[in-house]
Amino acid sequence: MPWEPSNNVERDRMDKLQFLLDHNIDPYPKRVERTHSVQQAIDLFEVAEADSSDEEPQTETVTVAGRIVRQNLKGKVYFAHIADETGRVQLFVRINSVGEETFEIIKDAFDMGDFVQASGPMMRTRAGEISVNVQEIKMLAKSLSPLPVIKERVLEDGTSERYGEFSDVEERYRQRYADLAVNPDVREVFRTRARTIRAIQNFLDSEGFLEVETPILQPIYGGAAARPFTTHHNQLKQDLFLRISFELYLKRLLVGGFDGVYEIGRDFRNEGVSFKHNPEFTMLEYYWAYRDYNDMMDLTERLVADVAQRVMGSTTVAFNGNVVNLNPPWRRITMRDLIKQELEIDYMEYPTADSLAAVMKDERLPVKPDTPWGKLVEELLGAVENRLIQPTFVMDYPVDISPFAKRTDSDPTHVERFEFYISGMEMGNAFTELNNPLQQEERFLEMGRLYSEEDDDAAPIDEDYLRAMRYGMPPCGGVGIGVDRLVMLFTDRTSIREVLLFPHLRVKDE
RNA sequence: GGCCCUGUAGCUCAACGGCAGAGCAGUUGACUCUUAAUCAAUUGGUUGGGGGUUCGAAUCCCUCCAGGGUCACCA
């Protein structure tokens, strides 16, 4: 079914489209004659004004292009603001300048949201606003559906007050293009996101890491405890998984002789959706040969502080009402001490799942039946994570939830692993990577014994990864960081959907 | 998945058992330096879908859909 107008405004705009066609005007021409961005045009005038003692400084003719974001027809003068990505500028259109015929077309067929180009010298209106003194104006793209109307008033202190808004969260996400078109602060979030990723790359590049790309479609998934999405290659008649982590591929590259590698890309986890979980999300993982998790803590706190400095111009950020100080060094505390401190439970005193579950029940913590000991400890951490506002490395995890990490010297039930938390959110996870192929195989088998088939922790054994490790993998540390959550922190957004251009939403029947 | 909240004009919202409204946008008219322009007139609705209660439902009940919050799940 071809589209049809569904309301008055759209019907009127279809009439206007026809009006343009009737006057032999292409409402969607191929070529644009733009000579200046909006900002360049304004700069041009300001330079001319500074250089000239004349009250009405002259500039060359400029041609600017953009979307009409305000219009105001006043008899035989038409004012409009057009916006491109560099800013907005006023068009000053007099009937005397463009002729009656063109003026009629403006009056009858130009709307908010249309893209137009306008040519003329720059000028300042009597009210003082820098404007294009329009001699020629042309439709570039007719807008048929109305964008939300947001009016803006510039206050004396230079800030602007906005009237009207497009704030319905669902519609903003479903129609992100409209959200971006009318909400400049949303555009800014995604500029910050882009700068964050670039800053991460710059930092790791300067530390000597190599950026790589590894398969998203994988015959065997692994590297994390999560349910995968499955798909199928028709011609190969092969089931494939969308990756849940990069871990096992990146470590193969250390076997191959790269000493530092990183990847920024998409992970897919077939699990619940929440304010901090999207089915696909952007992960950063980096692996460093000849280093352990202490080195990775040093590197990670430097990375986050450096990226914050480059992106936000500061290493302190305001998030959700708290001021977070990202300056190294960050607090480092073992998981055992943290839980002792916060919950007054020393889980080492309860070395079996049954005894630990019993004491957790006493403390009114939720416990599911038949939960392995390591997962119980993890749930203890979950109960306190929202208290970790300032950056905190939580160190040394139970071995049975950490199949890729080396055991600590002091305690064979624990491994050299850390997660780091900022503003109550887990931001990353890291290990001193296990590089003993025989132990790695044993850990895989152990996980298979501990967890049933349905459990997310029951990952299939990746034989090829074990083969790679048997060739010899250098001692190394590895870190994974949730990039979306980092962007949330930098932009003070409390929902991951605010930092994803097109967050996953259920399909809606129209 | 459980519980709570929300869904009314293009946008933002009101009406909460008794004629479905406002501002902005739109349309018509006036205005050759406006800027949240102003002034006058005016169009626009299956109140998310379906069912029920009632003389009468946007409003109360049931159900479905979508979203948000929270809990559970989730390295």
Side-chain angles (χ1 to χ4, degrees), chain A residues 5-13 15-16 69-81 88 90-97 103 108 111-113 123-129 131 133 144-155 160-175 178 182 223-227 244-245 247 267 269-277 279 281 283 366 368 374-375 378-379 381-382 385 394 397-398 401-405 417-419 426-431 455-457 459 480 482 494-495 497 503 505-510:
Chain A
S6 62
N7 59 56
N8 273 355
V9 180
E10 289 179 345
R11 270 187 288 278
D12 288 337
R13 292 196 177 188
D15 292 344
K16 291 170 177 181
V69 293
R70 179 181 80 85
Q71 58 171 1
N72 172 17
L73 181 67
K74 193 178 180 304
K76 291 171 180 166
V77 193
Y78 171 77
F79 296 93
H81 278 170
R88 50 198 280 170
Q90 179 166 262
L91 307 183
F92 175 69
V93 188
R94 287 188 306 163
I95 192 167
N96 293 357
S97 302
F103 202 80
D108 290 345
D111 284 301
M112 295 275 284
M123 62 170 288
R124 199 182 273 280
T125 60
R126 272 178 220 160
E129 179 160 356
S131 308
N133 187 1
L144 296 180
S145 295
L147 284 168
V149 176
I150 287 151
K151 295 191 174 184
E152 214 165 331
R153 181 172 63 160
V154 179
L155 302 172
S160 61
E161 192 174 357
R162 286 158 65 80
Y163 301 85
E165 53 185 339
F166 179 48
S167 55
D168 183 281
V169 171
E170 183 178 351
E171 288 310 314
R172 283 183 47 234
Y173 296 159
R174 287 193 193 280
Q175 303 192 49
V182 303
R227 218 166 309 163
I244 59 172
S245 86
E247 169 131 8
D267 269 345
R269 296 186 182 177
N270 205 339
E271 282 161 0
V273 174
S274 81
F275 72 95
K276 52 182 175 178
H277 297 89
F281 62 98
M283 191 74 165
K368 283 200 313 181
K375 293 220 83 165
E378 200 169 31
E379 281 174 26
L381 177 62
E385 70 173 41
V394 180
Y397 283 60
I401 53 171
S402 314
F404 301 111
R417 168 180 176 183
F418 69 82
E419 292 182 329
E426 184 205 332
M427 307 290 287
N429 181 29
F431 320 120
D455 204 303
D456 293 344
D457 292 73
T494 51
S495 167
R497 297 187 186 101
L505 295 177
R506 230 181 272 254
V507 173
K508 192 176 178 180
D509 293 331
E510 296 287 354

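Hydrogens, waters and symmetry mates are skipped; everything else that's a heavy atom, side chains included, is used. Every chain is numbered from 1, with letters handed out A, B, ... down the list of sequences.
Between the CZ atom of Phe79(A) and the P atom of U32(B) there is a distance of 11 Å, rounded to whole Å. In this structure, CD1 of Ile95(A) is placed 9 Å from P of U32(B), rounded to the nearest angstrom.
Along RNA chain B, the nucleotide nearest to His81(A) and the one nearest to Asn96(A) differ in position, and the one closer to the 5' end is contacted by Asn96(A).
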Taking Watson-Crick and G-U wobble contacts under 3.5 angstrom, with | marking pairs to another strand and [ ] crossing pairs, the secondary structure of RNA chain B is written (((((((..((((....[..)))).(((((.......))))).....(((((..]....))))))))))))....
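The shortest distance between side-chain heavy atoms of His81(A) and Leu91(A) does not fall below 4.5 Å.
Legend: residues meeting ring pair (Phe, Tyr, Trp, His ring centres under 6.0 Å) with Phe418(A), ordered by chain and number and at least two apart, are Phe393(A).
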Run Phe103(A) and Tyr78(A) through ring pair (Phe, Tyr, Trp, His ring centres under 6.0 Å) and show every step you take.
CA-CA 8 Å; Phe103(A) 202 80; Tyr78(A) 171 77; 7.1 Å; no
Any N/O pairs under 3.5 Å between the protein and nucleotides 1-4 of chain B? List them or say none.
none

Between N or O atoms, less than 3.5 Å apart, protein on one side and nucleotides 68-70 of chain B on the other: list the pairs.
{"residue": "G68(B)", "atom": "OP1", "partner": "Arg497(A)", "partner atom": "NE", "Å": "3.3"}
{"residue": "G68(B)", "atom": "OP1", "partner": "Arg497(A)", "partner atom": "NH1", "Å": "2.8"}

Considering only nitrogen or oxygen atoms on both sides, find all protein atoms under 3.5 Å from nucleotides 29-31 of chain B and state each distance.
{"residue": "C31(B)", "atom": "N3", "partner": "Gly75(A)", "partner atom": "N", "Å": "3.1"}
{"residue": "C31(B)", "atom": "N4", "partner": "Gly75(A)", "partner atom": "N", "Å": "3.3"}

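Considering Glu419(A), Arg417(A), Glu378(A) as possible partners of Tyr397(A), the one that fulfils the side-chain hydrogen bond (donor to acceptor under 3.5 Å, both in side chains) test is Glu419(A).
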I'd like to compare against my own output: the B/S/- annotation of nucleotides 8-14 of chain B with a strict under-4.0 Å heavy-atom distance to protein.
--SSS--
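With hydrogens and angles disregarded, a donor-acceptor distance shorter than 3.5 Å links the side chain of Glu10(A) to the backbone of Ser6(A).
For Glu152(A) against U35(B), a side-chain-to-base donor-acceptor contact under 3.5 Å is absent. Side-chain atoms of Arg70(A) and base atoms of U34(B) include a donor and an acceptor less than 3.5 Å apart.
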